[in-house]
Every structure is written in structure tokens, then in C-alpha cells.
Amino acid sequence: MPFYEELEDRGLVAQSTHPEELRRRLAAGRVTLYTGFDPTADSLHVGHLIPIMGLARAQRAGHRPIALMGGGTALVGDPSGRSEMRRMLTPETIAANIQGFRRQLGGFLDFSEGAALLVNNGDWLGKLNYLEMLRDIGSHFSVNRMLTAECFKARLEQGLSFLEFNYMILQAYDFLELYRVHGCALQLGGDDQWSNMLAGTELIRRVAGADAFVLTYPLLTTSDGRKMGKTEKGAVWLDANKTSPYEYYQYWRNVPDDRVRVCLASFTFLLMDEVRRLTAQAGEELNAAKEVLAYEATMLLHGAAAATAARTAARAAFSGAGAAATLPATEIAAASYPEGLSLIELLCLSGLAPSNREARRLVAGGGIYINGERVENGEAVVSPEKLRAGIELRKGKKVHHRLIAR
RNA sequence: GGGGAGAUACCCAAGCGGCCAAAGGGGGCAGACUGUAAAUCUGCUGUGUUUUCACUUCACAGGUUCGAAUCCUGUUCUCCCCA
């Protein structure tokens, strides 16, 4: 199925420019297309997954994807994190982040022999000369028109710095640069980027006299309208050291019923017929579909072995079959605790509670179990013998953790 | 450049000398109910192994006071109006 049709079938098209012509172009032959990523953290997270999968789908459909690293824009701060202070990252940090991104993207995209490209806008934005920029690019932008853009409307009431105002222009310039150097004709991105992306097509039309296209993905939200990809621990990372394969599996295993279909469509390569079949059932039957979602998503990121292990561990943990050796585990040195450890200490050591106080709160609330039995007294001491044998700690219904002394 | 308003915990937002670790809402966590779902109800939600006690916190640095999130001075930042 051609790329555009596939995205449509999966419900991944929020808006696009000249849909019919774009559809034709994408069906007619190889198109070079891109999505930008801001290297503001040392790992990508679940929120990046739709665009990443989008590039991967494009490549599978025979197109050439470009992953644009916003190394230049990250240097001056990220305006989208509006509530927090704009972080100004050091060049070293940004370079390291880009390396991390490249590694992670390599699992989804084939970068060999120019089948996909990874570029950094720092390479060209850093060389720009202000006066030339004003003359060649700035003259093509109407401030009046920019101000009518949806993305600035809210900011006009909250306050908008010149820097933030310029993001649209920088992003448009990126598109133009990619068009000139790589013949890139399509930008993909989240629907919140629509106006910024449109600015790029207009700039290309004015400067190069050519048509370029943009296509946006719908913003995925939870059923109550919040952004997906967050848990109590914050973002769900693609880096296995930040979010373990088991946690990653569980994240997908636990998506709300009404998101299962859209998640399968967005985050797996399963054919839509299969997705529709899996989600035809309602109620408890959907659990099977959630398992498929969790397995597929984990496999794509961490490989089949890790996905199988996560599934096995999860099934064991939730069937009450006792502590599976595959659960997330903490090892402690037996010699350091000759007296044993109190439950409170165990919770902190295992990371189930961030502080003693929080550990007490959980125990007081009846949410802590050792080997499946609720423990009411946080001061209860677990003997060194038991620790050596290994215990299964559980927080609430879903968070299982194994702790063993060596 | 001039004038005005403001900065409170994860977010929004009350408080304007003691009864403030700080109302309310959201979010989050836990309990009940369930299907590892949703909705609903309940509890908790700065830190501390002295837990009707102690310590740290209301932009930052000082000051007044027996006592400050609240008053004063300076600094930084944000917004609004005028130029």
C-alpha cells in the first residue's frame, strides 16, 4: 500500500497540504522526506515514536527519510518547554545527545548507503550570517501573517520572545536547506507543528519556486486528553537503561481500552486488517490485544528476545505464580546488612519509593506486599536469611520487584 | 526610557504578621470495585527510624520583629500600559 494511503488507513494523518497531489507524488516514486528532533535529552522517548515510526514506514514504502537533529536550535534553547526556563544546552551535551539519538534511530531506520540520512541543522544554522539571512530569508516573511498563525495566538497573551518568534523562520529555513541539498519535498511532524511546517513550504515556493508538502500526525492523547508517554516516573524512554524492557512492555500492556487500536496502528507494523481483527472484541477480550501491542512495541525497540522475556516475566508476575527470576531486580551486598533490613529500607533500596517518608505512606496505605502478602508495619525487619533467598516486593497491583542479597 | 502588576509546592491557584508544611482544583500514588481497562468512592501526596516532634520550603540576597510566604531594602526574571 502506498505511503499516504497507509498513513490514512492507520489514522495517522491530521492535516496535509494538497492531499491529492501529495498522494500522487508519494505513489509515483521515491520521495525524500524529513522530520525534526530536538536533541534536548540524552534519549528519545515514547513521544517521539510516531514520527520515528513514520520515517520507518516511509522507508519501507521506498522513500528516503531524513532525521533532522535540531542541534543548532537546541543551542539557543527550546521554546516549546514554555513553563520551564529555556534550557541552554552546551555544544558538548548536544553532540552527545545527537549520538544517542543516532544509535536509537538506527534500530528503526536503515542508514546504510544513503537509504536514510541523519543531518544536524547546527551544521548550517551555525554558519548563517545575520544580514544575509535578513535579506535572503527575512524578506519573505510577513510579520502580520506570522502573527495570525495559531501557534502564536496563545503566546501573544502569555508573552513571546523574539527568539521564540524566530523558531518558525529557522524551521522554515531548515526545510529550504534540505530541499536544496537533498531534494527533500515533504516534512512530517506533530500537528502542533503545522504552522511552522507550513512556513517552510511557503519559503521554498518563494525562494526556489517549487512545491513542497507537509503532513502532520494527530497528537496522541490519553482518553482524558493528556499527552501520552508519561508515567509516574516521567517519560517512557527508549533507552533500556532509563526504562527497562520490562517497564516498557508494561507501559504498553497497560494502555486504556479505548487506545488499544490507535496504539496498535501507530506503534506497530501490524497490518491494519490484523489490528482491526485484534481489537474487534471489547471488554476483557482486549487484554489479548494489549499483549500483542506490548510484545510488538517491545520487540521493535529491544528485540524479540527481550520482548519474549518481558512477556514471560509479566505473565508470571500477574498470574500470581510467584517470583519469576526475570522480574526487575535489585541486588544488595549481604555482608552490609547483617541485621537484616526494615521494609522501609527495602523500598528505598529497590527504588519503589523515592524517600523513607514516601515508603511509609505506601505501607500505611496498604499498598506494599512481600511475597504476595500485605505488610502493615514498615518497621518489620526482613532477616538476612530471607534476603539471601530473595524476596518479591510488590507496590500496588502492578509494580513487581525482586530483591536479593548476595 | 517612564509607570503599573506579578514571581507560592509537579501544574493552576488562594493566602497578605502568629492558628501556614501553607485553602481549593488538577495531576500522581495507594485502597475498594475490576480485566494488569475505564468510571466511581476512600486515603495520602516537602523531608526525617523522637512522627500531635524536628528540620527545610512560598524567585534570590539582606533587614525589621518575640515571630515573616505575608512588612522593608536591594537583585534577577515575567507580564501590562505609555514612549
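First the proteins, then the strands, lettered A, B, ... as listed; each starts at 1. Quick note: numbers below take in every heavy atom, side chains included, and nothing from hydrogens, waters or symmetry partners.
Sorted by first then second residue, the ring pair (Phe, Tyr, Trp, His ring centres under 6.0 Å) pairs that include residues 383-406 of chain A, not counting sequence neighbours, are A:F318-A:H400.
Legend: residues meeting side-chain hydrogen bond (donor to acceptor under 3.5 Å, both in side chains) with A:T216, ordered by chain and number and at least two apart, are A:D191. Residues satisfying the salt bridge (Lys or Arg N to Asp or Glu O under 4.0 Å) test with A:E285, not counting sequence neighbours, are none. Scored by the ring pair (Phe, Tyr, Trp, His ring centres under 6.0 Å) test, A:F101 finds no partners at all (sequence neighbours excluded). Residues forming a ring pair (Phe, Tyr, Trp, His ring centres under 6.0 Å) with A:Y369 (at least two apart in sequence, or on another chain): none.
Taking atom C1' on both nucleotides, B:rG62 is separated from B:rC10 by 30 Å, rounded to a whole Å. Between B:rC71 and B:rC80, the two C1' atoms lie 26 Å apart (nearest whole Å). A gap of 28 Å separates the C1' atoms of B:rG18 and B:rC12, to the nearest Å. Annotation: B:rG4 and B:rA9 have their C1' atoms spaced 28 Å apart (nearest Å). Between the C1' atoms of B:rA30 and B:rC16, the separation comes to 36 Å (whole Å). The separation of B:rC53 from B:rU70, taken at their C1' atoms, amounts to 26 Å, rounded to a whole angstrom. Using C1' as the reference atom, B:rU57 and B:rC20 are 12 Å apart when rounded to the nearest Å.
Pair check for B:rG1 finds B:rC82; Watson-Crick or G-U wobble, both atom distances under 3.5 Å. For B:rU51, there is no paired nucleotide, since no Watson-Crick or G-U wobble pair has both relevant distances below 3.5 Å. Nucleotide B:rC41 has B:rG31 as its partner under the Watson-Crick or G-U criteria, with both atom distances under 3.5 Å.
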Scan nucleotides 42-46 of chain B against the protein and return all N/O pairs shorter than 3.5 Å with their distances rounded to 0.1 Å.
from	atom 1	to	atom 2	distance (Å)
B:rG43	N2	A:R361	NH1	3.4
B:rC44	O2	A:R361	NH1	2.9

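Rounded to an integer number of Å, the gap from A:H400 NE2 to B:rU36 C1' is 9 Å. Rounded to an integer number of Å, the gap from NZ of A:K395 to P of B:rG28 is 13 Å. Distance A:K397 NZ to B:rA30 C1': 9 Å, rounded to the nearest Å.
Between A:T201 and A:D211, the closest side-chain pair of non-hydrogen atoms is not below 4.5 Å.
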